Participant: 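Submitted below is the structure of interest, expressed as structure tokens.
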Amino acid sequence: VQGWTDTKVRTFAETFMFGVSTSAYQVEGAWNVDGKTESIWDKYLHDNPDVVADGRNGDVASDSYHNYERDVEMLREIGVDHYRFSISWPRVLPSGFPNEINEQAFQYYDNLINELLTYKIEPMVTLYHFDLPQRLQDLGGWANPLSIEWFEDYAKVVFDRYADKVKFWITINQPNSICVDGYGDKVMAPAVDAKGIGEYICIKNVLLAHANAYRLYERDYKKKYNGNVGIAISVNWASPINNKTVNAQAAELYRAFTIDMYVHPIWSTYGDFPQPVKDAVAKKSLEQGYPRSRLPSFTAEEKRLLKKSADFLGVNHYTTFLVKPAKKQFSVPSFDGDINVEISQDDIWTSGKSVWLKSYPFGLYKALLHINQNYEYPPIFITEHGWSTNPGLWDQTRVNVLREYLKVLLFSIEDGAQVKGYTVWSLMDNVEWTSGTSERFGLYEVDFDSETKNRTARLSALAYRHIIEERIIDDWTPPSLKIDVSD
Ligand code: GBH
């Protein structure tokens, strides 16, 4: 673009899709209703109630299982083009396998999807958003290479049921959270914490599970239904803390481990993990006495399977980190030790309620530029972007942050980023994993103390509605917090 301060009015195209997102464990509740079995998150938080900041787990959550009509009413109030939600694997396949299909559970998703279609809201379905059936975890979860087949079989059941109605599919949400936080730490279920080993096994299997599901759709559904299948990847930005060469190199390596690790196997011209990641893990592994790299390799066939196994890249972008080489010692072995950097954030950036969440809108531009430069302008969907606050309806900071990032998104699109849509995390307050309900991400506030989990529009819901209607970013303020679906 010419400059960031020109007076040109930039608008989102009519075809640009605006939406909001949720995930099954975080909103559905009904954790053991109608034959649903435990997911790894049910098990983790049932067994360790103390790890949840405010003690509120996903047993009831926002109770969307019993509130789909109200949820769709909220979507109509905002006027979204699409709704991104996820299907709970242990709800529809209680054993984890398709030997037993839970018809009652599917009724819920039938109702939700039909209600969306009635109001011309495009369903965007995530097959896996962190809630593996515990029964499959007992068999090793994503560390077992058979998980690739388990996922394919589950995907087939869901594709069979909804391919005629759902045109946007996301196989897996954020492999880094699943694997680095779940297999190399206790931040996320299943809290395996097999540092330096578990992450990489999991990443390999999750990527192949994605690719297999993509190939399944391509082979058996694409011709007839013409839907799009992608994967959602955490693409936060990372800048050197200052322009010293060592810091620039550290930031580059950090991006290779956090972004390219997942994007490169699918979108690069030769597939496979990024070379700097392969080199770094191999070198450390040998130094540490392992006979081979702790990072497993892909066979030639697996690389072919992965290459171009997505119709679009789902980008989850929240924040930016500042990077420098580490002074401290990390555990040996570990993912952090393999990268060997320290990350921080600038104190002058506006802070969200979550400790890791600070606003640096230009980071979105840099992240999209990075994708374009390295992967030849893939079609992109922003599948998550959002902001956390305390409870309360007057969320002016969220409004400001969404507007600032959307302005930057317009610049990015003007400069060539192939962004087809944008999705706010989240439609409503929900269970923010181990933070419980202490961090609120919703455009709608949820009263978790009320029997019916009442939902009320925040200022940001109205501001977002205005953006969707006008397709521009301005300083509009609503006369009141009243929202009416009929006008
Ligand atoms: C997304 O993750 C998730 O997809 C979504 O379910 C979630 O509700 C939303 O964002 C808001 O968090 O160790 O300090 O980094 C965003 C990435 C990864 C950020 C895990 C928080 C743990 C805290 N998240 N991370 S920290």
Side-chain angles (χ1 to χ4, degrees), residues 20-28 39-41 44-45 51-53 56-58 61-62 64 84-86 88 124 126-132 170-189 191 193 195 199 206 231-238 254 257-259 262 314-323 330 334-336 339 341-345 351-359 363-364 367 381-389 398 401-402 405 423-443 446:
V20 291
S21 181
T22 59
S23 87
Y25 180 78
Q26 294 178 272
V27 300
E28 283 179 3
S39 73
I40 54 174
W41 272 95
Y44 183 40
L45 300 190
V51 306
V52 192
R56 215 178 256 130
N57 63 22
S62 317
S64 281
R84 175 179 179 234
F85 62 95
S86 79
S88 161
M124 177 182 272
T126 305
L127 291 173
Y128 185 76
H129 199 123
F130 305 170
D131 49 353
L132 197 77
I170 289 159
T171 53
I172 290 174
N173 184 63
Q174 285 182 199
N176 71 313
S177 301
I178 300 168
C179 299
V180 178
D181 294 341
Y183 286 76
D185 209 323
K186 295 187 193 300
V187 175
M188 291 249 152
D193 203 6
K195 286 196 191 329
E199 303 94 327
V206 162
I231 179 170
I233 296 184
S234 172
V235 188
N236 290 321
W237 186 241
Y254 180 80
F257 271 86
T258 57
I259 302 173
Y262 313 98
V315 166
N316 293 356
H317 180 90
Y318 284 88
T319 198
T320 288
F321 297 102
L322 299 174
V323 187
F330 293 103
S334 67
F335 182 83
D336 287 342
I339 317 178
V341 303
E342 278 172 52
I343 58 170
S344 59
Q345 290 174 307
S351 288
K353 173 77 180 173
S354 319
V355 285
W356 52 273
L357 184 54
K358 289 201 165 31
S359 175
L364 175 60
F381 236 100
I382 307 289
T383 37
E384 284 181 33
H385 168 250
W387 191 248
S388 57
T389 60
R398 178 178 286 106
V401 170
L402 295 186
Y405 274 84
T423 318
V424 173
W425 181 274
S426 174
L427 170 60
M428 69 190 117
D429 290 343
N430 54 56
V431 174
E432 178 54 28
W433 311 110
T434 55
S435 298
T437 55
S438 68
E439 299 168 14
R440 306 298 184 97
F441 275 89
L443 297 180
V446 174

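Excluded from the calculations below are hydrogen atoms, water molecules and symmetry mates; all remaining heavy atoms, backbone and side chain alike, are included. Just so you know, these numbers come straight off a predicted model, no measurement behind them. Atoms within each ligand, like the ligands themselves, are counted from 1 in listed order.
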Participant: Between the side chain of Ser388 and the main-chain N/O of Lys353, is any donor-acceptor distance below 3.5 Å?
Facilitator: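 Indeed, once roles are kept as given, a pair shorter than 3.5 Å links the two residues.
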Participant: Just how far is it from atom SG of Cys179 to atom CD of Gln174, taken to the nearest 0.5 Å?
Facilitator: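 Rounded to the nearest 0.5 Å, the SG-CD separation comes to 11.5 Å.
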Participant: Is the closest heavy-atom distance from Gln26 to ligand 1 below 4.0 Å?
Facilitator: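 It does; at least one heavy atom falls under 4.0 Å.
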Participant: Would you mind running through ligand 1 and noting each atom that sits below 4.0 Å from a heavy atom of Trp433?
Facilitator: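 Per the distance check, 5 (C), 6 (O), 7 (C), 8 (O).
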Participant: Determine whether a donor-acceptor pair (N or O, by modelled atom type, separation under 3.5 Å) exists between the side chain of Asp429 and the backbone of Val446.
Facilitator: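 Here the side-chain-to-backbone pair exists.
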Participant: For the residue pair Thr383 / Asn316, report whether a side-chain donor-acceptor contact shorter than 3.5 Å exists.
Facilitator: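 Present: a donor and an acceptor within the cut-off.
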Participant: Under a 4.0 Å heavy-atom limit, does Asn430 contact ligand 1 with its side chain, its backbone, both, or neither?
Facilitator: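 Neither part.
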Participant: For atom 19 (C) of ligand 1, state which one of Phe441, Trp425, Tyr25, Trp356 supplies the nearest heavy atom.
Facilitator: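 Selected option, by shortest heavy-atom distance: Trp356.
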Participant: Non-hydrogen atoms of Ser23 versus ligand 1: any pair closer than 4.0 Å?
Facilitator: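 It does not; every heavy atom stays at 4.0 Å or beyond.
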Participant: Taking the six-membered ring for Trp, are Phe321 and Trp356 closer than 6.0 Å centroid to centroid?
Facilitator: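 Not under 6.0 Å, so no.
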Participant: Does any N/O atom on Asn173 come nearer than 3.5 Å to any N/O atom on ligand 1?
Facilitator: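 Yes, there is a polar N/O contact under 3.5 Å.
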Participant: Looking only at N/O atoms, are Tyr318 and ligand 1 under 3.5 Å apart anywhere?
Facilitator: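 Yes; at least one N/O pair falls below 3.5 Å.
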Participant: Looking only at non-hydrogen atoms, which of Glu384, His385, Glu432 approaches atom 1 (C) of ligand 1 most closely?
Facilitator: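 Checking each option, the heavy atom nearest atom 1 (C) of ligand 1 is found in Glu384.
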Participant: Ligand 1 versus Asn176, non-hydrogen atoms closer than 4.0 Å: side chain, backbone, both, neither?
Facilitator: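 The answer is neither; Asn176 stays 4.0 Å or more away.
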Participant: Look at the side chain of Gln26 and the backbone N and O of Val431, then say whether any donor-acceptor pair between them is shorter than 3.5 Å.
Facilitator: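 Yes: the side chain of Gln26 pairs with the backbone of Val431.
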